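Just dropping this structure here.
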Number of protein chains: 2
Amino acid sequence: MKEGPDIAQIGSLIGDPARANILTALMGGRALTATELAAAAGVTLQTASAHLSKLEAGGLLAQRKQGRHRYFTLADDRVGKLLEGIMGFAASRGHLRHRPGPKEPALRKARICYDHLAGDYGVRMLDSLIEAGSIFAVGEGLSLTAIGEKHLGSIGIDVSGLRSSRRPLCRSCLDWSERRAHLAGSLGKALLSNFLDKGWARRTENSRSIFFTPEGERRFLALFPLELSDGARQPEASQPGLTNTP
Amino acid sequence: MKEGPDIAQIGSLIGDPARANILTALMGGRALTATELAAAAGVTLQTASAHLSKLEAGGLLAQRKQGRHRYFTLADDRVGKLLEGIMGFAASRGHLRHRPGPKEPALRKARICYDHLAGDYGVRMLDSLIEAGSIFAVGEGLSLTAIGEKHLGSIGIDVSGLRSSRRPLCRSCLDWSERRAHLAGSLGKALLSNFLDKGWARRTENSRSIFFTPEGERRFLALFPLELSDGARQPEASQPGLTNTP
DNA sequence: TTCATACTTCGATCGTAACCGAACCATCTC
DNA sequence: GAGATGGTTCGGTTACGATCGAAGTATGAA
């Protein structure tokens, strides 16, 4: 016993329902105030304050004072990835919260996962990019190709600018609703920002779901077509000479 | 609030120190009885029994009755991956258990991670395989090459047999002590089994650490050489035309 | 059958931590 | 300055869950 890092500490941080609600709310990516988080968690401000202190001490949250407000975010994208990983696991065990609520379908269709697009649309986007040869996939690894750089450049994504950041360009993130990978990393973030900037979609209040306008939806689907039928989708692309599929 | 899967439930399962000890012990990969796990967790048998019921109900554990014994294991390798992910996160935040114990160095050198080799030696093995062209890496994705299949076949790994299993052949797993990737998946498992079978190394009682014999260590290091100096190691291999590095 | 071992269930205790009311600071507006 | 809003700290209550002793069930050994 007592081997390795202390998983119990962060487990218990995530294990409290109020704190889990706070973390889930912050998965939306935007910075929220203590008051907003208290409402999200369903507790009073005092209680939320105590939770927020613990989460920050545990390294899960970062805060930034702005006037008399105190804005909280997830500490970094590693926290987001960790939480999405746990969500994926929980979803696979059927531990959905009680019963699917009315907002559930919208959430499954398109939602924000920390800072990038997830849900059916997120998965579709990655599938389409792989099919088009824009992204090269090996197992769980993703890499932008020269074709992809040109392709995305044409819709206004400055790849070379993204590459200067410390953060990996492409990262695969397991989608809890689709149980398949979608695109994360700085490129995933840039793509979602691009859609929001163009007005194709907008964020909804108090929810992680992303609402596409009819026009935006049309354009999105045109930009990311899928040739294969749904049943035949192959998430793990391979190449001659490479053998990774189970 | 109340969006998405219930992360609080599994958070609280992992969040109890006794249960965390049980899970950590089971990361060793071997099936353990309730009595053994009670000892590992530092609680009485009754208490452990209650914990084990909860963990099983939560889908983290699988049990198998054998005579009057009841053997527990992690439910599957996804649980192992989840736990290793949390460990990696916890280690990165400096949440090591209190202070490094006497067993810590051995654990950092070579240990078992569910069913494959981790620690310095695990990371070295993967680095060497990539350098030798046996494994092709793109970001976090790993793939066995034709060269690698021949190479590993020569030391007694039956790759085609492994490929028939449902489980992915190659998978990268983040090492909490080295903070870099090591090889998991059915190939990772087969390699460790191979070393143990050959007597190069053996498992230690009541610990996840792996002990290499002097002869085994010599052979292991010869089989997996490293050309690059330690400082210049490049975890994310790339290929002309592929651009994934930050 | 009898005894021992492995484990579970029951019942009671006990500690901790989540919770909120109230009071207290800090920052902004007027 | 006074008042309002955002947030923290303090104190006391409460409830849940971890814990163990004791008794009960199942399996194997003699």
Side-chain angles (χ1 to χ4, degrees), chain A residues 1-2 6-26 30-58 60-73 95 97-98 206, chain B residues 1-2 6-26 30-58 60-73 95 97-98 206:
Chain A
M1 58 172 163
K2 291 232 175 197
D6 190 359
I7 59 173
Q9 201 211 340
I10 67 169
S12 72
L13 282 175
I14 300 172
D16 178 80
R19 284 194 291 263
N21 284 335
I22 288 173
L23 292 169
T24 304
L26 288 174
R30 42 165 68 119
L32 297 173
T33 65
T35 309
E36 289 169 324
L37 289 170
V43 293
T44 62
L45 186 55
Q46 312 92 288
T47 308
S49 180
H51 286 311
L52 290 169
S53 299
K54 288 183 186 177
L55 287 170
E56 198 194 355
L60 296 180
L61 258 47
Q63 64 159 302
R64 158 168 57 96
K65 281 186 77 166
Q66 207 167 91
R68 54 184 163 182
H69 293 277
R70 194 159 283 224
Y71 284 95
F72 291 86
T73 55
H95 295 322
R97 274 182 191 280
H98 314 298
N206 302 323
Chain B
M1 58 173 163
K2 291 228 175 201
D6 191 359
I7 58 172
Q9 201 211 340
I10 67 169
S12 72
L13 282 176
I14 299 172
D16 178 82
R19 285 194 291 262
N21 285 335
I22 288 174
L23 292 169
T24 304
L26 289 174
R30 41 164 68 117
L32 297 173
T33 66
T35 308
E36 290 169 322
L37 288 170
V43 293
T44 62
L45 186 56
Q46 311 93 287
T47 307
S49 179
H51 286 311
L52 291 168
S53 299
K54 288 183 186 179
L55 287 170
E56 198 194 355
L60 296 180
L61 258 48
Q63 64 160 300
R64 159 169 57 95
K65 283 186 77 166
Q66 208 167 91
R68 55 184 162 178
H69 293 277
R70 193 159 282 224
Y71 284 95
F72 291 86
T73 55
H95 295 321
R97 273 181 192 282
H98 313 298
N206 302 323

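This one's a predicted model, so the numbers in the text were calculated from it and none came from an experiment. Chain identifiers are assigned alphabetically (A, B, ...) following the order of the sequence lines, protein sequences preceding nucleic acid strands; residue numbering begins at 1 within each chain.
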task: Report the residues that fulfil side chain to side chain contact (heavy atoms under 4.5 Å, CB included) with Arg30(A), sequence neighbours left out, ordered by chain and then residue number.
output: Leu32(A), Arg203(A), Glu205(A)

- request: Taking Arg19(B) for its side chain and Ser12(B) for its backbone only, find out whether a donor-acceptor pair lies under 3.5 Å.
  value: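 A pair under 3.5 Å: yes.
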
Could you write out each protein N or O paired with an N or O of nucleotides 19-23 of chain D at a distance under 3.5 Å?
unit_1	atom_1	unit_2	atom_2	d
dT19(D)	OP2	His51(B)	NE2	2.5
dC20(D)	OP2	Thr44(B)	N	3.1
dC20(D)	OP2	Thr44(B)	OG1	3.0
dC20(D)	OP2	Thr47(B)	OG1	2.9
dG21(D)	N7	Gln46(B)	NE2	2.4

Straight-line distance of Thr73(B) OG1 to Leu60(B) CG, nearest 0.5 Å: 11.5 Å

Nearest-0.5 Å distance, CD1 of residue Ile14(B) to CD of residue Gln9(A):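 So the CD1 of Ile14(B) and the CD of Gln9(A) are separated by 13.5 Å.
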
message: What is the separation between atom CG on Leu37(B) and atom P on dA18(D), rounded to the nearest whole Å?
response: 16 Å

- prompt: Rounded to the Å, how far apart are Leu52(A) CG and dG7(D) P?
  reply: 9 Å

field: Length of the line joining Leu55(A):CG and dT8(D):P, which is rounded to integer Å
entry: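 Value for this atom pair: 12 Å.
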
task: Return the value, rounded to whole Å, for the distance between atom NZ of Lys54(B) and atom C1' of dC16(D).
output: 9 Å

task: Please list, chain by chain and in numerical order, all residues satisfying side chain to side chain contact (heavy atoms under 4.5 Å, CB included) with Ala34(A), sequence neighbours excluded.
output: Leu45(A), Leu52(A), Phe72(A)

message: Measure CZ/Arg64(B) against P/dC7(C) and give the value in whole Å, please.
response: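 So the two atoms are 13 Å apart, to the nearest Å.
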
- prompt: Could you state the NE2-P distance from His69(B) to dT5(C), rounded to the nearest angstrom?
  reply: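 One finds 11 Å between P of dT5(C) and NE2 of His69(B), rounded.
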
query: Expressed in angstrom and rounded to an integer, what is the separation of Phe72(B) atom CZ from dA6(C) atom C1'?
result: 11 Å

query: Looking at the side chain of Arg19(A), which of dG7(D), dA18(C), dT8(C) is the nearest nucleotide?
result: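 Nucleotide nearest to Arg19(A)'s side chain: dA18(C).
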
field: Heavy-atom pair with the smallest gap, counting every atom of Ala41(A) and Ile22(A)
entry: CB-CG1, 3.8 Å

query: Which letter, B, S or -, goes with each nucleotide of nucleotides 24-30 of chain C from 5' to 3', with contact meaning a protein heavy atom under 4.0 Å?
result: ---BB--

task: Would you please name every residue forming a side-chain hydrogen bond (donor to acceptor under 3.5 Å, both in side chains) with Glu36(B), sequence neighbours left out?
output: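 For Glu36(B), the residues satisfying side-chain hydrogen bond (donor to acceptor under 3.5 Å, both in side chains) (neighbours in sequence not counted) are Thr33(B).
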
message: Counting the atoms with a prime plus P, OP1 and OP2 as sugar-phosphate, which does Thr33(B) contact under 4.0 Å by heavy atoms, base, sugar-phosphate, or nothing?
response: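 Touches sugar-phosphate only.
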
Set of side chain to side chain contact (heavy atoms under 4.5 Å, CB included) partners for Thr44(B), sequence neighbours left out: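 Thr44(B) satisfies side chain to side chain contact (heavy atoms under 4.5 Å, CB included) with Gln46(B), Thr47(B) only.
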
- line: Exactly one of Leu23(A), Leu13(A), Leu37(A) clears side-chain contact (heavy atoms from CB on, under 4.5 Å) with Leu61(A), and that residue is Leu23(A)

